[in-house]
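This report refers to the structure that appears directly beneath it.
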Amino acid sequence: MDFLSDFLMRFLSQLQSPTLGFLIGGIVAASLGSRLAIPDAAYKFIVFMLLMKVGLTGGQEIRDANLVEMLVPAAFAVAIGILIVFIGRYTLCKLPNVKVEDGIATAGLFGAVSGSTFAAGLTLLDTDGIPYEAWTAALYPFMDIPALVTAIVLASVYTNKKRSTADEDLSKQEALSEREAFVTAGGGGYPSSPRIPTGEYPGDQGIVASGYPSRQPERVKIWPIVKESLQGSALSALLLGIALGLLTQPERVYETFFDPLFRGLLSVLMLVMGMEAAARLGELRKVAQWYTLYALVAPLLHGFIAFGFGMIAHYTTGFSLGGVVVLAVIAASSSDISGPPTLRAGIPSANPSAYIGSSTAIGTPIAIALGIPLFIALAQALGG
Amino acid sequence: MDFLSDFLMRFLSQLQSPTLGFLIGGIVAASLGSRLAIPDAAYKFIVFMLLMKVGLTGGQEIRDANLVEMLVPAAFAVAIGILIVFIGRYTLCKLPNVKVEDGIATAGLFGAVSGSTFAAGLTLLDTDGIPYEAWTAALYPFMDIPALVTAIVLASVYTNKKRSTADEDLSKQEALSEREAFVTAGGGGYPSSPRIPTGEYPGDQGIVASGYPSRQPERVKIWPIVKESLQGSALSALLLGIALGLLTQPERVYETFFDPLFRGLLSVLMLVMGMEAAARLGELRKVAQWYTLYALVAPLLHGFIAFGFGMIAHYTTGFSLGGVVVLAVIAASSSDISGPPTLRAGIPSANPSAYIGSSTAIGTPIAIALGIPLFIALAQALGG
Amino acid sequence: MDFLSDFLMRFLSQLQSPTLGFLIGGIVAASLGSRLAIPDAAYKFIVFMLLMKVGLTGGQEIRDANLVEMLVPAAFAVAIGILIVFIGRYTLCKLPNVKVEDGIATAGLFGAVSGSTFAAGLTLLDTDGIPYEAWTAALYPFMDIPALVTAIVLASVYTNKKRSTADEDLSKQEALSEREAFVTAGGGGYPSSPRIPTGEYPGDQGIVASGYPSRQPERVKIWPIVKESLQGSALSALLLGIALGLLTQPERVYETFFDPLFRGLLSVLMLVMGMEAAARLGELRKVAQWYTLYALVAPLLHGFIAFGFGMIAHYTTGFSLGGVVVLAVIAASSSDISGPPTLRAGIPSANPSAYIGSSTAIGTPIAIALGIPLFIALAQALGG
């Protein structure tokens, strides 16, 4: 009871915090048909500024950190990223009217990490004065990349299986019509073969080695997916920030520029995300209602799983309760910016409306407005 | 004499203030053919930042304000907004070579409010240490919307009248040719019927219910015009800021972000507006010289009218002299950003070069560089 | 020995400074294929902010400065700008496989000044607490414009000479075919005649008066080149900043906006320049390796020449050692932003890959990462 009332009070008070206030303000404004718009260039620059700041903080902290401490939380982050995708594979994908590829891609996006949600979480921890290890910023890629890789691998396995079944059915007819096949232009005319969009996302040509009409199950190459993720703009900015924090002395620009502007820029970003969430709701209506259910439940479920893993680390290695919250927030978040292009290139047969709509319209607001206050209240209930 | 020398000294000293200095710098640079350009995205983001800051200030202040105090100034703002359009209707529109629709649209824009001029006025008041009620930020829509609505209604009334006269002339011929009319595609083939541009501005389809070939005078729907104004990017940002200032606790981002950046961003905006003013001068030359005269006189005339109204409020309800200046500045300003799309959709037959040119090239610089120092000097002469 | 170890320590320590750290971070990130991107609008706005700040600083300082002091350094800046182009004309252009027009254009760009390198130099001087005359900001155009003018004049002289040689060869045939010449459309059909691109860069129509089929050597008009340079966005921003610093009282926005944001924005700009440098390396490979050699050697050579001139001013007029470093940095820098359009319009027959590639990919990183620490170390060795 105490926990519940504590959470409710915290929830109501945090709705008034600039972070959540601007998010909700954006949702309301867009719902009322406001034509308010933050230019795309400003939005992208703000995302860069936030991730660079988070990276610089992390990098400066890692300099003095005991790296062994990081091992357990990092291993847990990898495990959670993979687990989230498997959970989606065996729940969302089994629901009626959900195309398996769409479900896997959605689960992949919910396993991947959102830089904005992450930044919002750190800000609320700072506001409440809850300490956490600054190297937790470095946990981001440990969950983000495994989730995306797992999703692409699972989708590829599924596509191959479906194809071999189709192959058996076709084999008799094929024996007859093999001569014609040589006549038609392009060999790989299987209806379910994933088509890789060319030129739309830089670097996507290297990701999936499928699409050729081989009979044996294809092997998915993992390194290109990892590389693609690391080269994405969000992870790049974060990793570059960590590297600069670790190897150079950015204190002067950190203290006069990246740090003081952080909260304000985050509030603007929250406004954009709120407007985006409201705009995407329509897109979500087009796909099955099961996505809505998944997007409502998954952030909190994933967050609680990660919270459990984090508590194990807390009791065994002394991982701080603030760090446990960070791990839960990373797990609760779903990727908005960097994940979609990777998935679009890696699972080209999945419908982007399904996974982007679920994540942006519901997953992210739920994670920020419900998840973060909940995990903080939980940490305080356990720690106090 | 004292007042004049005081004004001249103030005027010369304020030309050196960053706000006016950057405005004039922009005019000079553009006149000398500089290719200096502030990217459009930066410009739009700056406008957002300024209006959000003004809104947040206002909202935070309204929390503690006595709302009854606002009633008189708000009613005056509505009255002034409507009055300005009527003045234009019976002066500018009566001048030779001025098309009535163009004149009404220009008067509407001069009745509407410019966020930048408004922000410049508040900054100069702060610099001079003249106190004003912070809820004056909330007066903006009370003048802006009635002015736009009045202009669109007057234009519609005029168009209907013109049409019915044309109808009478046409009626005899029409009786003969009615059968042919059914053959031609589209019913509303009257030469003077306003054509609504479609798709150019979001939401414009709902604004004017004209264009159909009815005989009886059309009824203009007011709510769509109000809604269109409220949803525009400038008013949206201001109102969202007011709402966030009123309902959330934005102190932290306000004090670290929106407030400290305000003056600097305003100076950049003034530079852009100066360059824009110089670039629009050529556009203005294409339309009659009467627009130039109107644009030179109107800002000061409107400002003085509002100053008079404000003094009434000052003596009756204790409205501060700073607030009187704000009311005069709002009246002197003419809309640059949010007004034009509304007018373009609402009075589609008016020529945008006429009204945008008058406002941006002459009205705004006059209001900022002459009007604001004048009203401040007047307030100090009356108050000291 | 002392100097060398001092330089090496300084070099290594400055690699850790945010300015150089972000530059190298950008090079590394782009080399690893990062898709990190700073939006173009943000980049342009940052350049504006930096040059405006440098200009405001300079303008405020000039107010109190003894302008006679500026005469010697300004005259030296002009001389160095011209000298650099002549050096390129008689070294780079004489190398095998180097087209003379390409070589002259490259030398012109290396004589012109980079606002970013300049800003980086001032920042490192501030960090090391080395004083310099703030009016050194005003030296920028004194080197930039003469270099570009000289390059365009030399290229024109060369083109004319080449043409008259060709004319002599052609004269006999021409006597026979003169009638046909009148038949073909357009008189100036000489194969080597420079073609002025139209509309690509504003204002380029006035720059070169060549292209008409006159027999006598053409006269190059100098004023249009100077005007073109002064109107360019970089020089405009700088000169506007100087004017505003000189004539208005920008202290308030300077202290709350332009100055505190300077270092942070510079670090972001360095990141962009590093990424750009890495991206241009490929472009450079397409042209001869002699450009690479020139771009490696020229910044340091030019810097040392300017350092020598600066020391003369130091001993004769008391020009500060910090000022000597600024002069050397201006000479070592090569224009990235404002120079290329002027050259493209002024020497249309030169290949932009050659000169932009040399400057952006090699010249600028060398000037910033090697040149600046070297000149500072030299100044401290001489001054200490």
Side-chain angles (χ1 to χ4, degrees), chain B residues 12-47 49-50 53 119-120 123-124 126-129 255-272 274-275 278-279 369, chain C residues 38-49 51-53 55-56 59-60 63 115 201-204 206 224 226-262 265 337-338 341-342 345:
Chain B
L12 287 175
S13 115
Q14 285 190 342
L15 286 184
Q16 292 198 299
S17 82
T19 308
L20 301 190
F22 277 78
L23 180 81
I24 293 163
I27 293 176
V28 172
S31 307
L32 295 175
S34 162
R35 291 195 303 282
L36 177 63
I38 304 295
D40 192 55
Y43 167 72
K44 283 184 179 146
F45 185 65
I46 291 172
V47 171
M49 289 285 296
L50 297 180
K53 188 265 174 183
T123 305
L124 292 180
D126 289 342
T127 307
D128 285 357
E255 279 154 26
T256 62
F257 188 67
F258 291 103
D259 191 43
L261 293 177
F262 184 71
R263 276 167 187 278
L265 292 173
L266 181 65
S267 69
V268 179
L269 183 66
M270 288 295 124
L271 186 63
V272 177
M275 293 191 294
Chain C
I38 304 295
D40 192 54
Y43 166 72
K44 283 183 178 147
F45 185 66
I46 291 172
V47 170
F48 161 79
M49 288 286 296
L51 292 175
M52 180 57 74
K53 188 264 175 184
L56 286 172
Q60 289 176 81
R63 260 194 265 165
Y201 290 99
D204 54 23
V226 176
K227 202 174 134 200
E228 171 83 7
S229 292
L230 289 170
Q231 290 175 337
S233 60
L235 259 181
S236 282
L238 189 76
L239 293 173
L240 183 60
I242 292 178
L244 288 170
L246 197 59
L247 302 173
T248 73
Q249 315 216 302
E251 280 78 2
R252 208 178 301 234
V253 292
Y254 180 80
E255 278 154 28
T256 62
F257 188 67
F258 291 102
D259 192 42
L261 293 177
F262 184 71
L265 291 174
I337 302 162
S338 55
T342 305

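Residue numbering restarts at 1 for every chain, and letters A, B, ... go by the order of the sequence lines.
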Checklist entry - Which of the residues Ala42(C), Ala243(C), Ala41(C), Ala237(C) is involved in the greatest number of heavy-atom pairs with chain B at under 4.5 angstrom? => result Ala41(C)
Checklist entry - Under the side chain to side chain contact (heavy atoms under 4.5 Å, CB included) criterion, do Thr248(C) and Ile24(B) qualify, and how do the steps go? => result CA-CA 10 Å; Thr248(C) 73; Ile24(B) 293 163; over 6 Å; no
Next on the checklist: So for Val268(B), is it side chain, backbone, both, or neither that comes closer than 4.5 Å to the heavy atoms of chain C?
Outcome noted: side chain
Item to check | Top contributor to chain B interface from Leu261(C), Val253(C), Leu247(C) [non-hydrogen pairs under 4.5 Å] | outcome: Val253(C)
Checklist outcome for this item: The interface call for Leu244(C) against chain B, heavy-atom contacts under 4.5 Å, is side chain
Next on the checklist: Applying salt bridge (charged side-chain N to carboxylate O under 4.0 Å, His left out) as the test, list every pair that has at least one member in residues 232-241 of chain C; sequence neighbours left out.
Outcome noted: none
Checklist entry - So which part of Phe258(C) gets closer than 4.5 Å to some heavy atom of chain B, the side chain, the backbone, both or neither? => result side chain
Item to check | Separation between CG of Asp40(B) and NZ of Lys44(C), rounded to the nearest 0.5 Å | outcome: 11.5 Å
Checklist entry - Which heavy atom in Leu36(B) sits nearest to a heavy atom in Ser236(C), and how many Å separate them? => result CB-CB, 3.8 Å
Checklist entry - Checking heavy atoms, do the side chain of Leu265(B), its backbone, both or neither come under 4.5 Å from chain C? => result both
Item to check | Phe22(B) versus chain C, the contacting section by heavy-atom distance below 4.5 Å | outcome: both
Item to check | Sequence neighbours excluded, every pair satisfying salt bridge (charged side-chain N to carboxylate O under 4.0 Å, His left out) that has a member inside residues 240-252 of chain C | outcome: Arg63(C)-Glu251(C)
